[in-house]
Enquirer: 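First the structure, which I've put down as structure tokens, then a few questions once you've had a look.
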Amino acid sequence: MEKQTAQCPVELTVNMVGGKWKLVILYQLATHGVKRFNELRREFPDITQRTLTRQLRELESDGLINRQVYSEIPPKVEYSLSDTGKSLHPLLLQLRDWGLSYMANNRAKEQ
């Protein structure tokens with residue numbers, strides 16, 4: 001995987017959380033806890049099932065989320081942040097706060 005060849009810590013981080021959906025998936029899990037696949041799917045109506053599956057697999061592979069499979073019928077799968085993923089929580093909150101500030105500033109400029 002790309003992250004092992006990264007020479008820069010920022011490059012490593014971007015390789016792990018980059019993409020359109022990974023940060024928002026991590027944010028959902030950080031702020032709302034354990035989520036099932038379909039709950040995540042409802043949170044992001046514009047994401048395809050294939051893309052969500054791929055993003056979740058990559059986040060799991062990188063050790064940022066846990067995937068818990070229950071042997072039930074129908075199968076039950078839950079996703080949560082791993083300890084490594086939980087360490088991103090303060091950064092995710094900073095990104096949220098920056099976004100809120102940016103949105104407020106742009107609204108003020110439009111008025």
Enquirer: Determine which pairs satisfy salt bridge (Lys or Arg N to Asp or Glu O under 4.0 Å) with at least one residue from residues 24-34, sequence neighbours left out, and list them in order.
Expert: none

Enquirer: According to ring-ring contact (aromatic ring centres under 6.0 Å, His included), does anything in residues 58-77 pair up with another residue at least two apart or in another chain? List the pairs.
Expert: none

Enquirer: Please report the interatomic distance CD(Glu60) to CG(Asn66), rounded to the nearest 0.5 Å.
Expert: 8.0 Å

Enquirer: Say you draw a straight line from CG of Leu100 to CG of Leu93; how long is it, rounded to the nearest 0.5 Å?
Expert: 10.5 Å

Enquirer: Applying salt bridge (charged side-chain N to carboxylate O under 4.0 Å, His left out), name anything that partners Glu43, two or more places apart in sequence or on another chain.
Expert: Lys35

Enquirer: State which residues pass side-chain hydrogen bond (donor to acceptor under 3.5 Å, both in side chains) with Thr48; sequence neighbours excluded, sorted by chain then number.
Expert: Thr51

Enquirer: Hydrophobic cluster membership, with links at side-chain heavy-atom distances under 4.5 Å among I/L/V/M/F/W/Y: are Leu92 and Tyr102 in one?
Expert: no

Enquirer: Evaluate side chain to side chain contact (heavy atoms under 4.5 Å, CB included) for Ile25 paired with Gln55, printing each intermediate quantity in order.
Expert: CA-CA 9 Å; Ile25 291 168; Gln55 299 290 275; 3.8 Å; yes

Enquirer: Would you indicate whether the side-chain heavy atoms of Leu40 and Leu56 approach each other to under 4.5 Å?
Expert: yes

Enquirer: Please list, chain by chain and in numerical order, all residues satisfying side-chain hydrogen bond (donor to acceptor under 3.5 Å, both in side chains) with Ser87, sequence neighbours excluded.
Expert: none

Enquirer: Give the C-alpha distance, both sets of side-chain angles, the deciding distance and a yes or no for side chain to side chain contact (heavy atoms under 4.5 Å, CB included) between Ser82 and Ile65.
Expert: CA-CA 5 Å; Ser82 66; Ile65 65 170; 5.9 Å; no

Enquirer: Mind jotting down which residue pairs meet the salt bridge (Lys or Arg N to Asp or Glu O under 4.0 Å) criterion with at least one end in residues 44-57? Sequence neighbours excluded, please.
Expert: none

Enquirer: If a pair satisfies side-chain hydrogen bond (donor to acceptor under 3.5 Å, both in side chains) and one of its residues is in residues 88-100, list it, with sequence neighbours excluded.
Expert: none

Enquirer: Examine Leu81 and Val77 and state if one hydrophobic cluster contains both, with Ile, Leu, Val, Met, Phe, Trp and Tyr joined whenever side-chain heavy atoms are less than 4.5 Å apart.
Expert: yes

Enquirer: Under the 4.5 Å side-chain heavy-atom rule for ILVMFWY, direct or indirect, which residues accompany Val14?
Expert: Val10

Enquirer: Determine which pairs satisfy side-chain hydrogen bond (donor to acceptor under 3.5 Å, both in side chains) with at least one residue from residues 16-30, sequence neighbours left out, and list them in order.
Expert: Lys22-Glu58

Enquirer: First locate atom CG of Leu59, then atom CG of Leu26, and finally report the distance between them rounded to the nearest 0.5 Å.
Expert: 5.0 Å

Enquirer: Working to the nearest 0.5 Å, report the span between CG of Asp62 and OG1 of Thr13.
Expert: 10.5 Å

Enquirer: Check side-chain hydrogen bond (donor to acceptor under 3.5 Å, both in side chains) between Arg67 and all other residues, then give those that pass, not counting sequence neighbours.
Expert: Tyr79

Enquirer: Under the salt bridge (charged side-chain N to carboxylate O under 4.0 Å, His left out) rule, collect the residues that match up with Glu78, sequence neighbours excluded.
Expert: Lys76

